[in-house]
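Reviewing the structure listed below.
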Number of protein chains: 2
Amino acid sequence: MGALKLSLEAFAELSSQDRTLIERLAGKSVREVAPRRDLVREGDRPRAVALMLEGWACRYKQFPDGRRQIVGFHIPGDLCDSGLSIVREMDHSIGAVTRLSYAEIGLADFEALIAQSPVVARALRWNELVNAAIAREWVANVGQRSAYERLAHLFCELFLRLKAVGLTDGESCYFPLTQMDLASAVGLTSVHVNRTLQEMRRDGLLTFGFKRLVIPDLEALKRVAMFNANYLHLGMSGGLPD
Amino acid sequence: MGALKLSLEAFAELSSQDRTLIERLAGKSVREVAPRRDLVREGDRPRAVALMLEGWACRYKQFPDGRRQIVGFHIPGDLCDSGLSIVREMDHSIGAVTRLSYAEIGLADFEALIAQSPVVARALRWNELVNAAIAREWVANVGQRSAYERLAHLFCELFLRLKAVGLTDGESCYFPLTQMDLASAVGLTSVHVNRTLQEMRRDGLLTFGFKRLVIPDLEALKRVAMFNANYLHLGMSGGLPD
DNA sequence: CGTCTGATTGAACTGATTCAACGGATGTGG
DNA sequence: CCACATCCGTTGAATCAGTTCAATCAGACG
């Protein structure tokens, strides 16, 4: 995982020792998941922490009647469930969006890591807080914004998060979500997402398709989304914003 | 605060020493806030942890154009922002719904408390995780449920949380939210909340008014809300469910 | 009393859903 | 290499849940 930049590194300056510690753990047990398979299912007892290496995952809640809401995405460099060892059972599922690989870090190793490096421990708490902040932002997104604004906001968030871990290429990035994924993330139907995306393309805000997203003018997109990056709490060290 | 039951106590069995430690801190600096005033404003640097003693508060996000989304409520016994000392600035505001009093716990005292009691430290992490889980549940609530279901779900959540800290009285509880508060918590207009509440009353699901909520048949309400209490992660010790 | 804030009602409107069909790309097995 | 299936994106038309605007009403409070 030499090239991998951790999302933690947007929160804290990790020493080379810290990185070595983490890399050693990450090498121990790498798992692969096929696209659209679940990593963890609601009701499971959480067993381990996952460091995302490649591919995208989503957290989602499924209702008895089949409705489904995505409540967050995870991209490479993200650390999932660093706190959930405390919890008895998962209240939602995590599914692979693409083919995906992650490093499974056992609880004992994880606790040892925290004990060894206060910087890492602090970054982990930060990570948890940011996850919660993202969830709150999503509430506001789905609760108050129009379809057009919601999608714009989601694109902004994901683009900035990808940028923070070095996964953007100028004004574009790999973007594997289908319109159905987008729909269940922003609480709309895929039909309406489709029509809204057409509108956004017409307005020159973005190009979307073939698993790539291009945002020619990020500032313009932020403006229509009323996007304020403060909730990502980036920029403690490198990474972002700008 | 002899009578106060902490929401933490739904997660961990606190020893009498733990409680004494907390009570001593809580006595140090008690603050009062008038209804509809802000405790913390977006952009502020968080300074202290707040232990809610009396009254209700809400977390909310306000957009430049005036739209407003409530992203969570806090009731007596809740501990707010136990993690936010790490964060540079608040990404949302906290406002008093009612007249309210809380104990402000300084960071130094707080860190000392954590260091002294591993049980409390663990309960605090649990508390943070539950807050995040609630936010995710709200995303699903606003994203997927109908107006009728959304309100039912919110009532279920608040009733159970109140019950967990001993603030319910059989099938009823003190409930100071206005229809406008409800509206901006579930992402609807107050007009539509009003009409939906009338429907719910007609269906015998609840009585609401005069700052009291009565739920004659909680199971029925849960059913229409598709409410699953798992995300509250109660029931480690006393409190709940059932 | 007069003034607020919050609850209630009505009527017109609209953003988003629903249902149903079709098209294009990709993959797979024979 | 074709036949078939599947997944995803696209389109149209009808419908509906929730909004908007505007007026009225009721209780609370100085």
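To find a chain, count down the sequence lines: A is the first, B the second, and so on, and within it residues start at 1. Keep in mind that this is a model prediction, so the values were computed, not measured.
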Practice problem: Apply side chain to side chain donor-acceptor pair (under 3.5 Å) to A:Glu32 and list each qualifying residue two or more places apart in sequence or on a separate chain. | Solution: A:Arg99

Quiz item: Among all residues two or more places apart in sequence or in another chain, which pass the side chain to side chain contact (heavy atoms under 4.5 Å, CB included) test with A:Ala185?
Solution: A:Ile70, A:Phe73, A:Trp138, A:Leu154

Exercise. Taking the six-membered ring for Trp and the single ring otherwise, decide whether the centroids of A:Phe175 and A:Phe155 are under 6.0 Å apart.
Key: yes

Name every donor-acceptor pair, under 3.5 Å, that has one atom in a side chain of residues 201-216 of chain B and the other anywhere in the protein, sequence neighbours excluded.
{"unit_1": "B:Arg201", "atom_1": "NH1", "unit_2": "B:Phe208", "atom_2": "O", "d": "2.8"}
{"unit_1": "B:Asp203", "atom_1": "OD2", "unit_2": "B:Tyr148", "atom_2": "OH", "d": "2.4"}
{"unit_1": "B:Arg212", "atom_1": "NH2", "unit_2": "B:Ser172", "atom_2": "OG", "d": "3.1"}

Practice problem: Test B:Leu6 against every option in B:Leu51, B:Val165, B:Leu79 by the side-chain contact (heavy atoms from CB on, under 4.5 Å) rule and name the one that passes. | Solution: B:Leu51

Quiz item: Atom CG in B:Leu218, atom CG in B:Leu160: separation rounded to 0.5 Å?
Solution: 5.5 Å

Quiz item: If you look only at pairs with a residue in residues 63-72 of chain B, which of them pass as a salt bridge (charged side-chain N to carboxylate O under 4.0 Å, His left out), with sequence neighbours excluded?
Solution: A:Glu149-B:Arg67, B:Asp65-B:Arg67

Quiz item: Applying side chain to side chain donor-acceptor pair (under 3.5 Å), which residue pairs with at least one partner in residues 47-58 of chain B are found, sequence neighbours left out?
Solution: none

Self-check item: Boundaries of the chain A footprint along DNA chain C (any atom under 4.0 Å from a heavy atom)
Solution: C:dA16 to C:dC19

Practice problem: Could you pull out all residues at least two apart from B:Glu42 that satisfy side chain to side chain contact (heavy atoms under 4.5 Å, CB included)? | Solution: A:Asn228, A:Asn230, B:Ser93

Expected list for residues 187-194 of chain B: side-chain donor-acceptor pairs under 3.5 angstrom, two or more places apart:
{"unit_1": "B:Thr189", "atom_1": "OG1", "unit_2": "B:His192", "atom_2": "N", "d": "3.3"}
{"unit_1": "B:Asn194", "atom_1": "OD1", "unit_2": "B:Gln198", "atom_2": "NE2", "d": "2.5"}
{"unit_1": "B:Asn194", "atom_1": "ND2", "unit_2": "B:Gln179", "atom_2": "OE1", "d": "3.0"}

Quiz item: What string of B, S and - do you get for nucleotides 25-30 of chain D 5' to 3' if you count protein non-hydrogen atoms under 4.0 Å?
Solution: ------

Exercise. Please report how far the helix from C:dC1-D:dG30 to C:dG30-D:dC1 bends, comparing the axis fitted to its first five pairs with the axis fitted to its last five, to the nearest 10 degrees.
Key: 40°

Self-check item: Qualifying salt bridge (charged side-chain N to carboxylate O under 4.0 Å, His left out) pairs with a residue from residues 177-199 of chain A, counting only residues at least two apart or across chains
Solution: A:Arg36-A:Asp181

Quiz item: What's the CG-C1' distance between A:Asn194 and D:dT11, to the nearest Å?
Solution: 8 Å

Practice problem: Using whole Å, report how far CG of A:Asp181 lies from P of D:dC8. | Solution: 8 Å

Exercise. Could you tell me whether a side-chain N or O of A:Asp217 sits under 3.5 Å from a main-chain N or O of A:Glu219, the two making a donor and an acceptor?
Key: yes

Please list, for nucleotides 18-22 of chain D, all pairs of protein and nucleotide N/O atoms separated by less than 3.5 Å.
{"unit_1": "D:dG18", "atom_1": "OP1", "unit_2": "B:Ala147", "atom_2": "N", "d": "3.0"}
{"unit_1": "D:dT19", "atom_1": "OP1", "unit_2": "B:Thr189", "atom_2": "N", "d": "3.2"}
{"unit_1": "D:dT19", "atom_1": "OP2", "unit_2": "B:Thr189", "atom_2": "N", "d": "3.2"}
{"unit_1": "D:dT19", "atom_1": "OP2", "unit_2": "B:Thr189", "atom_2": "OG1", "d": "2.8"}
{"unit_1": "D:dT20", "atom_1": "O4", "unit_2": "B:Arg195", "atom_2": "NH2", "d": "3.0"}

Exercise. Check the surroundings of atom CE in A:Met180: do more than 12 heavy atoms from other residues, nucleotides or ligands lie under 6.0 Å from it?
Key: no

Quiz item: Which part of the nucleic acid, if any, lies within contact of A:Arg67, taking any heavy atom under 4.0 Å across all strands shown: a base, the sugar-phosphate backbone alone, or nothing?
Solution: nothing

